[in-house]
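Data block below; observations after.
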Amino acid sequence: MSYYGTNDFSYNSDFNLRIRDIKKGNLDFGWLDDARETVEVRRRDPRRGLTIEDCEVGPYAIENTPEVIRENRGLAPRGAILDAATVQPDLGPSLNKKSDVWGYRVQRYWEEAMSRQWNVSTDVPWHDMDKHNIPDDLEIAFCQLCTLLSEVEMIATDLPAKWSHHMNSYFQEVKGFIATQAIDEARHAEVFRKRALAGAGLFRASVRGEHALKGILEADSYSEGSVFLHVLGEGFILTLFRSSEFISPTPVEQRMFQLVMQDEARHVSYGLQHLKYLMDNCPEVRPQINGFLDEAERHLTGLFNPDQLESMIVLGGKGTKPDQIKKGIEVVGAFQGKQIEEYFHRAERAGLPERRERSPLLELQQRMIAAAMS
Amino acid sequence: MAIKFPSIDFFRELARRMADNAAEFEKLGFCDTVMGVKVDGDSAHLYALTFDVFDCTDVRELASPDDVELDFTLEAPLALWREMFESIKKTGTPEPAYTLNSLSHVGDRMKVVYDDPEGHDKFYRFMATLQAFVDQTSDFDIEWA
């Protein structure tokens with residue numbers, strides 16, 4: 001036990017006397033003293049049910065909440081009454097400023113996430129695996145890819161889980177959304193593990209890739225972790241998923257990637273909107289975010305590790321013969337260029353157009369263009 | 001009865017079927033986007049399909065892309081749309097090279113045109129719904145323009 005309360009209620013005589021009194025029927029209804037503003041919560045669109053946005057009313061609305069939360073350090077939900085006569089325990093949230101965590105439209109992403117959940121065991125047509133005969137070289141390459149993706153998805157599960165309890169409980173929408181992200185990412189790790197084990201098994205874990213992933217987990221602030229994970233990392237992985245759907249050996253793997261792609265794109269959207277909110281409301285952090293991204297982008301090249309690259313080339317060319325490898329190199333080169341270009345475009349829209357000029361990825365992009373033209 | 005492609009009736013029929021297949025689309029979840037479909041050919045056609053919650057609630061042909069705020073537009077020549085729908089017709093789902101994602105990814109056979117990356121990402125956020133939407137054409141008797 002590492003936390004001992006400031007009051008032992010089991011031996012507190014005032015408390016015990018009060019409970020005894022209540023049990024005799026002497027209720028004082030003190031908890032009804034605070035007048036509450038009556039709010040009207042109604043379903044704007046019955047097809048959606050009662051949404052988070054429907055509940056953004058009066059004192060409960062985030063727009064009526066100050067930028068910095070000073071009064072609450074515990075678990076009070078936004079809009080609850082804090083008893084001035086008692087001392088709330090300090091649970092130590094370090095993210096008490098809205099721009100630390102908020103993203104435009106986060107309520108919608110939370111609802112979308114809840115609505116678009118899927119089940120690895122039953123929503124992937126595993127029964128069709130027997131219908132297709134995948135050549136050994138493609139199967140092994142695919143399982144090598146699944147191994148790396150399992151590693152990636154584990155860090156993407158851990159990062160939101162790591163930061164959630166640091167967020168002030170008034171930012172419930174963000175905590176709720178990143179909780180859906182954690183379950184999404186756990187589901188992705190599950191689907192890649194299951195697919196590998198249903199086929200040729202797991203192959204080589206990526207040391208280089210894991211160094212890149214450690215950089216995400218060790219970010220100094222939530223915003224740094226978010227811009228690395230959601231915008232940079234998941235943006236790259238989204239394009240990788242798109243490519244993986246394109247080069248999937250059978251419709252079973254295609255279905256897998258269609259489903260994981262949807263979740264990943266939602267996380268990218270939140271990250272983009274958080275970065276945008278941060279740049280709009282806290283522009284003074286721009287040098288810090290840029291400095292962090294200079295290093296994060298270097299880390300990210302770790303995901304271009306030789307094992308993953310070779311397995312993608314084999315899958316892209318559909319084999320290991322020289323002409324197939326040549327074709328695979330073209331396919332992979334094209335999607336890597338797209339990964340970098342889409343990242344620059346997202347950074348620009350979020351308010352960091354300078355990434356295109358200062359990014360270490362620029363050199364990588366130029367090398368790819370040169371290789372493609374040679 | 002044959003349905004002409006491209007035509008507004010083609011997309012209205014897809015929207016009607018989406019409503020009839022409510023269970024399938026409700027399982028896939030909310031889908032909120034305005035998608036453009038551009039068919040290039042001798043005379044180009046541009047359609048706006050509005051998806052709201054579980055339905056395609058509005059289909060219209062546009063004279064200009066500025067007529068409606070589109071999240072993204074899928075642009076391809078008529079011949080490629082034809083290949084895609086014929087692939088879907090074979091088994092009810094497209095061959096690997098003819099999914100919406102594959103066609104729009106490498107080689108840019110089908111272009112994804114967008115202004116805001118948030119709009120672009122909606123194509124991927126709702127991919128399973130949009131693919132299921134076009135897969136409904138598997139038993140269409142299509143009359144090609």
Side-chain angles (χ1 to χ4, degrees), chain A residues 45-49 51 104-105 108-109 111-118 123 125 231 235 238-239 241-251 253-255 257-269 272-273 276 316 330-335 338 342-343 345-350, chain B residues 18-19 22 24-33 51-57 71-72 87-88 90-135:
Chain A
D45 183 343
R47 294 172 305 162
R48 293 181 196 274
T51 67
Y104 298 111
R105 297 193 274 278
R108 285 219 154 194
Y109 298 139
E111 291 284 351
E112 186 181 307
M114 293 311 297
S115 164
R116 296 187 77 84
Q117 292 293 301
W118 53 281
D123 289 331
V231 182
L238 172 60
T239 313
F241 285 168
R242 291 196 65 204
S243 306
S244 303
E245 198 251 39
F246 175 73
I247 61 180
S248 282
T250 80
E253 292 78 23
Q254 279 200 309
R255 185 62 179 165
F257 284 111
Q258 281 170 9
L259 292 169
V260 296
M261 179 193 305
Q262 299 189 125
D263 300 334
E264 210 73 0
R266 188 167 56 245
H267 308 156
V268 173
S269 289
L272 186 67
Q273 297 304 332
K276 195 165 188 303
E330 284 172 17
V331 169
V332 171
F335 101 74
K338 196 169 259 193
E342 287 181 352
Y343 164 64
H345 196 186
R346 287 192 184 102
E348 187 178 300
R349 274 310 180 114
Chain B
M18 189 181 192
E24 178 186 359
F25 287 96
E26 284 176 18
K27 168 82 174 72
L28 291 169
F30 294 167
C31 177
D32 299 294
T33 187
F51 293 88
D52 183 46
V53 196
F54 304 121
D55 297 302
C56 179
T57 54
D71 288 319
F72 62 92
S87 175
I88 291 169
K90 285 180 193 163
T91 61
T93 53
E95 296 155 290
Y98 287 100
T99 62
L100 290 174
N101 175 64
S102 288
L103 288 170
S104 61
H105 191 41
V106 176
D108 290 328
R109 288 183 294 165
M110 177 183 281
K111 285 186 186 151
V112 188
V113 178
Y114 64 96
D115 179 39
D116 186 344
E118 158 83 5
H120 182 212
D121 289 337
K122 284 186 180 179
F123 178 39
Y124 313 118
R125 272 162 50 196
F126 305 123
M127 181 62 79
T129 301
L130 300 176
Q131 187 64 57
F133 182 76
V134 296
D135 288 354

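Since this is a predicted model, take the numbers as computed values, not measurements.
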Distance from Asn101(B) atom CG to Phe241(A) atom CZ, nearest 0.5 Å?
12.0 Å
Under 3.5 Å, side chain of Arg116(A) to main-chain N/O of Leu28(B), donor-acceptor pair present?
yes
Mind telling me whether His105(B) and Phe335(A) have parallel, tilted or perpendicular rings, with 30° and 60° as the class edges?
tilted
Would you say that Arg349(A) contacts Glu118(B) through its side chain, given a criterion of any heavy-atom pair below 4.5 Å between the two side chains?
no
Taking all atoms of both residues into account, what is the closest heavy-atom pair of Arg346(A) and Pro117(B), and its distance?
CG-CB, 3.9 Å
Quick check: do Asp123(A) and Lys27(B) have side-chain heavy atoms less than 4.5 Å from each other?
yes
Close side-chain approach of Phe30(B) to Arg47(A), heavy-atom, < 4.5 Å
no
For residues Arg242(A) and Ser104(B), is any side-chain donor paired with an opposing acceptor at under 3.5 Å?
yes
With respect to chain B, which residue among Gly235(A), Ser243(A), Gly316(A) yields the maximal number of heavy-atom pairs within a distance under 4.5 Å?
Ser243(A)
Among Asp116(B), Asp121(B), Leu103(B), single out the residue with the greatest number of heavy-atom pairs under 4.5 Å to chain A.
Asp121(B)
Atom group of Glu348(A) that falls short of 4.5 Å from chain B, counting heavy atoms
neither
Answer yes or no: is there a side-chain heavy-atom contact under 4.5 Å between Tyr109(A) and Arg125(B)?
yes
Measure distances from Asp32(B) to the heavy atoms of chain A and classify the residue's part below 4.5 Å as side chain, backbone, both or neither.
side chain
Please confirm whether the backbone N or O of Met127(B) pairs with a side-chain atom of Gln258(A), one donor and one acceptor, at under 3.5 Å?
no
Side chain, backbone, both or neither: which part of Ile247(A) has an atom under 4.5 Å from a heavy atom of chain B?
neither
I'd like to verify something: which residue of Met261(A), Arg266(A), Lys276(A), Glu245(A) has the highest number of heavy-atom pairs under 4.5 Å with chain B?
Glu245(A)
Given a strict heavy-atom distance threshold of 4.5 Å, which part of Gln273(A) is in contact with chain B: side chain, backbone, both, or neither?
side chain
More than 12 heavy atoms of other residues, nucleotides or ligands under 6.0 Å from NZ of Lys338(A): yes or no?
yes
Please determine, among Arg108(A), Gln262(A), Glu112(A), Gln254(A), the option with the most heavy-atom pairs under 4.5 Å with chain B.
Gln262(A)
Please classify the contact between Thr239(A) and chain B as side chain, backbone, both or neither, with a heavy-atom cut-off of under 4.5 Å.
both
Check Ser115(A) against Gly29(B) and note the closest heavy-atom contact, atom names and distance.
OG-CA, 3.1 Å
How close do Phe246(A) and Ser102(B) get, counting heavy atoms only, and between which atoms?
CA-OG, 3.5 Å
Ring centres under 6.0 Å, that's the criterion: do Tyr114(B) and His345(A) meet it?
yes
Heavy-atom pairs under 4.5 Å with chain A: which of Thr129(B), Thr93(B), Asp52(B) has the most?
Asp52(B)
